[in-house]
Amino acid sequence: MTAILDIGKHLPITNPTWIFFLVLCIILFAPILLNKLKIPHLIGMILAGILIGEHGFDILARDSSFTLFGQVGLYYIMFLAGLEMNMEDFRAIRWKAIVFGILAFIIPLVFGFFSNIFILKYGIVSSILLASMYASHTLISYPIVIRYGVARHRCVSIAVGATAITDSLTLLVLAIIGSLYKSENIGNWSWVELILRVTLMGLFIIYTFPRIGRWFLRKYEDGIVQFIFILAMVFLAAGLMELVGMEGILGAFFAGLVLNRLIPYVSSLRNYLEFVGNALFIPYFLIGVGMLIDLRVFFGHIESLKVAAVMTFMALSTKWIAAWTTQKIYRMKKIERQLMFGLSNAQAAATLAAVLVGYNIFLPDGSRLLNEDVLNGTIILILITCLISSIATDIAARKMALSELPPENSPSKADNEKILISFSNQKNVKNLIYLALLTRNPKKNQGMIGLHVLYDNCSEAEREQGKKLLIQAQEIAAKADISLQTQNRLATNLSNGILHTAKENDISEIIVGLHIRATQDESFFGPVLLNLLNKMDRQIMILHAVTPINRIHNIHVAIPQNAEYEAGFSRWIERIARIGENTGSRIFWHGHRQTLSLIQAYLLRYHTNILWEMQETDGGNELKRLSATLGQNDLMVIIMARHGSVSFRPSFEHIPHQINAYYTEKNFILLFPDSYARTTSEITFVELQNTPGNYEKKKHWFDFLQRKKR
């Protein structure tokens with residue numbers, strides 16, 4: 001009993017079971033405690049590592065699990081950073097990322113070199129290596145921007161792209177200096193060979209990984225199998241980079257970039273990847289970093305404190321200067337500078353690599369290239385920069401998230417959004433769910449209802465089949481962490497079952513699959529859809545998908561003349577913009593000049609981060625012309641109109657024939673907008689266009705025609 005009570009004899013704990021249990025307890029309770037103290041979770045993980053490590057209360061031994069999971073966590077951070085980047089958007093800001101990356105490397109390198117020479121009195125080679133440590137940074141605080149939902153903002157993409165540049169240059173400096181002392185010939189050119197090897201390996205990853213990934217993800221649809229495959233690809237890329245002499249973090253980042261388009265933003269696979277990384281691997285890495293930190297360095301080591309003070313000041317100040325310079329060059333917002341600084345000043349992975357390499361290199365006189373003062377100072381540098389990075393990123397990301405909330409009169413505020421998804425064919429379930437997920441308000445976790453309607457005289461087997469279909473729909477939505485209500489309804493008329501469900505739940509829009517015709521003589525829309533179109537005035541989206549709808553590359557929108565005068569104009573623009581935002585697709589709007597000018601005003605006001613192009617139509621056969629431009633993974637959205645609406649044209653009667661002729665093997669959506677004004681708070685495009693007279697004149701003309709018809 002005495003032996004059990006003498007806890008000190010059992011410390012540090014080396015049993016893998018208890019180590020893993022205590023780490024899980026930290027991961028579980030640290031966020032709960034820190035939420036009350038208003039402290040970022042990442043700081044809690046690092047502080048917990050300090051407390052339980054050998055330099056704290058020595059509770060846990062830093063065994064091989066921390067090395068393994070820590071390495072996985074570091075790779076995961078870099079992989080998620082590459083994965084979250086909108087590649088279409090990154091092409092537009094790549095020069096900003098390159099400029100920021102170069103500034104974030106050169107400014108710390110230059111200022112750090114002179115401070116090391118004149119203040120710390122180090123030699124030239126030692127000063128260069130130490131200054132390169134200031135230039136590197138690790139995306140420790142990247143999970144924060146994911147949590148606040150601002151990871152796809154341009155300043156985050158700039159910071160992530162700059163990380164790849166600065167870390168690559170830092171590791172290159174490290175490799176060059178390391179090669180100098182590995183060879184008797186100081187002037188050897190092995191570093192040129194290193195650059196060539198890394199370049200060739202990077203090109204190999206960029207060329208082969210997307211092709212292998214595309215083939216595998218199409219062939220195997222099981223989410224767990226896909227998750228294991230992606231994880232294997234990440235470590236293969238990291239291993240290949242290590243094989244040619246570069247750190248594996250660069251390979252993990254490349255893997256995220258090249259697999260980006262293959263892992264849709266709205267998908268179970270993306271959810272698996274983010275969940276496992278944020279729940280286990282990344283916290284394990286942060287706790288392991290904390291266990292390396294020795295707070296006793298603060299006491300009794302004056303020279304170490306001096307070195308640490310210089311290192312920390314130079315690292316923080318030069319990173320701030322780089323962010324400030326980039327902001328001024330490109331006239332960015334202050335909040336963007338703050339977020340770039342927060343993301344780019346944490347020192348961990350490359351810094352540790354550099355100091356350990358320098359510490360293990362001995363000069364001809366027997367001294368170390370980087371002495372123990374630098375080693376101790378590096379630990380303090382890691383602690384302080386990680387704390388400041390987490391706090392700065394948390395504050396900036398929170399402000400940015402709040403600033404991006406829609407204003408009180410925006411469509412999201414005025415829109416009582418509830419989506420009804422009507423299922424009739426098991427093959428369409430996944431794509432209909434994905435379309436709803438792509439168009440839903442990301443701020444809401446509810447508001448989606450899945451419906452399957454049966455005739456009231458159906459058999460028991462048909463009822464069971466309907467239940468299975470709805471369970472499948474719930475499972476797909478649950479994998480994306482979304483709640484889906486379901487109803488298996490009996491009705492004497494299928495369309496009435498849908499209509500009654502819509503009215504009972506105050507549905508704002510309906511998503512259905514395209515009717516499958518039993519014979520050529522049957523109506524294109526089928527009796528159920530025709531009844532819905534005739535009796536319902538809410539928005540209806542009819543989907544036909546031949547490839548996964550969440551993996552589309554481009555969106556083409558065909559818009560009829562006078563579409564801006566329909567009541568649902570703002571709603572369908574908002575939904576299409578969300579699809580583009582969630583898939584990273586470029587949207588091509590095809591319509592008349594006046595309509596396009598209003599759409600442009602809307603996008604500039606509410607969706608500044610999506611990619612789009614305006615293309616005026618000439619009034620010809622647009623559907624036939626556009627069909628030739630659509631690729632296999634493109635989506636065509638055709639804006640329709642009900643009979644009697646201001647944008648309805650007789651040529652709409654020919655659309656079913658054109659679809660049968662040109663679109664049977666393509667992805668398309670037929671979208672029927674709202675046909676009535678839902679609320680007085682609905683956004684008016686008169687305000688955006690600032691030409692109220694033109695609108696009132698058309699509206700008066702339309703009302704006059706309607707009265708005349710009566």
Name the one of Thr617, Leu603, Thr595 that satisfies side chain to side chain contact (heavy atoms under 4.5 Å, CB included) with Trp589?
->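 Result: among Thr617, Leu603, Thr595, Leu603 is the only option passing the side chain to side chain contact (heavy atoms under 4.5 Å, CB included) with Trp589.
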Name of the residue among Ile610, Val637, Ile669 meeting side chain to side chain contact (heavy atoms under 4.5 Å, CB included) with Ile576 =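 Answer after filtering Ile610, Val637, Ile669: Val637.
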Within a strict 4.5 Å, meaning less than it, do heavy atoms of the [X] and [Y] side chains meet?
{"X": "Leu437", "Y": "Ile482", "result": "yes"}
{"X": "Ile433", "Y": "Ile421", "result": "yes"}
{"X": "His592", "Y": "Ile559", "result": "no"}
{"X": "Ile510", "Y": "Arg538", "result": "no"}
{"X": "Ile449", "Y": "Thr486", "result": "no"}
{"X": "Phe227", "Y": "Leu269", "result": "yes"}
{"X": "Tyr606", "Y": "Ile573", "result": "no"}
{"X": "Ser508", "Y": "Gln539", "result": "no"}

Salt-bridged, [X] to [Y], with N to O below 4.0 Å?
{"X": "Lys468", "Y": "Glu464", "result": "no"}
{"X": "Lys418", "Y": "Glu509", "result": "no"}
{"X": "Arg571", "Y": "Glu417", "result": "no"}

Under 3.5 Å, is there a donor on one side chain and an acceptor on the other for [X] and [Y]?
{"X": "Glu566", "Y": "Ser645", "value": "yes"}
{"X": "Ser647", "Y": "Asn562", "value": "no"}
{"X": "Asn488", "Y": "His452", "value": "yes"}
{"X": "Arg551", "Y": "Thr583", "value": "no"}
{"X": "Glu574", "Y": "His607", "value": "yes"}

Which class fits the ring pair Phe648 and His643: parallel under 30°, tilted 30 to 60°, perpendicular over 60°?
->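 Rings of Phe648 and His643: tilted, 30 to 60°.
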Would you call the rings of Tyr76 and Phe79 parallel, tilted or perpendicular, where under 30° means parallel and over 60° means perpendicular?
->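 Taking Phe79 first and then Tyr76, their aromatic rings stand perpendicular (interplane angle over 60°).
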If you take all heavy atoms of Ile419 and Ile507, which pair is closest and at what distance?
->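 For Ile419 and Ile507, the tightest heavy-atom pair comes out as C-CD1, 4.2 Å.
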Quick one: CZ on Phe652 to CD1 on Ile638, what's the gap to the nearest 0.5 Å?
->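 Those atoms lie 10.0 Å apart.
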Would Phe668 and His544 count as a close aromatic pair, with their ring centres under 6.0 Å?
->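 Judged by ring-centre distance (under 6.0 Å), Phe668 and His544 do meet the cut-off.
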Verify whether the ring centers belonging to Tyr565 and Phe569 lie closer than 6.0 Å.
->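 When the ring centroids of Tyr565 and Phe569 are compared, they turn out to be at least 6.0 Å apart.
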How would you list all residue pairs meeting salt bridge (charged side-chain N to carboxylate O under 4.0 Å, His left out) that involve residues 590-600, not counting sequence neighbours?
->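 Sorted pair list: Arg593-Glu616.
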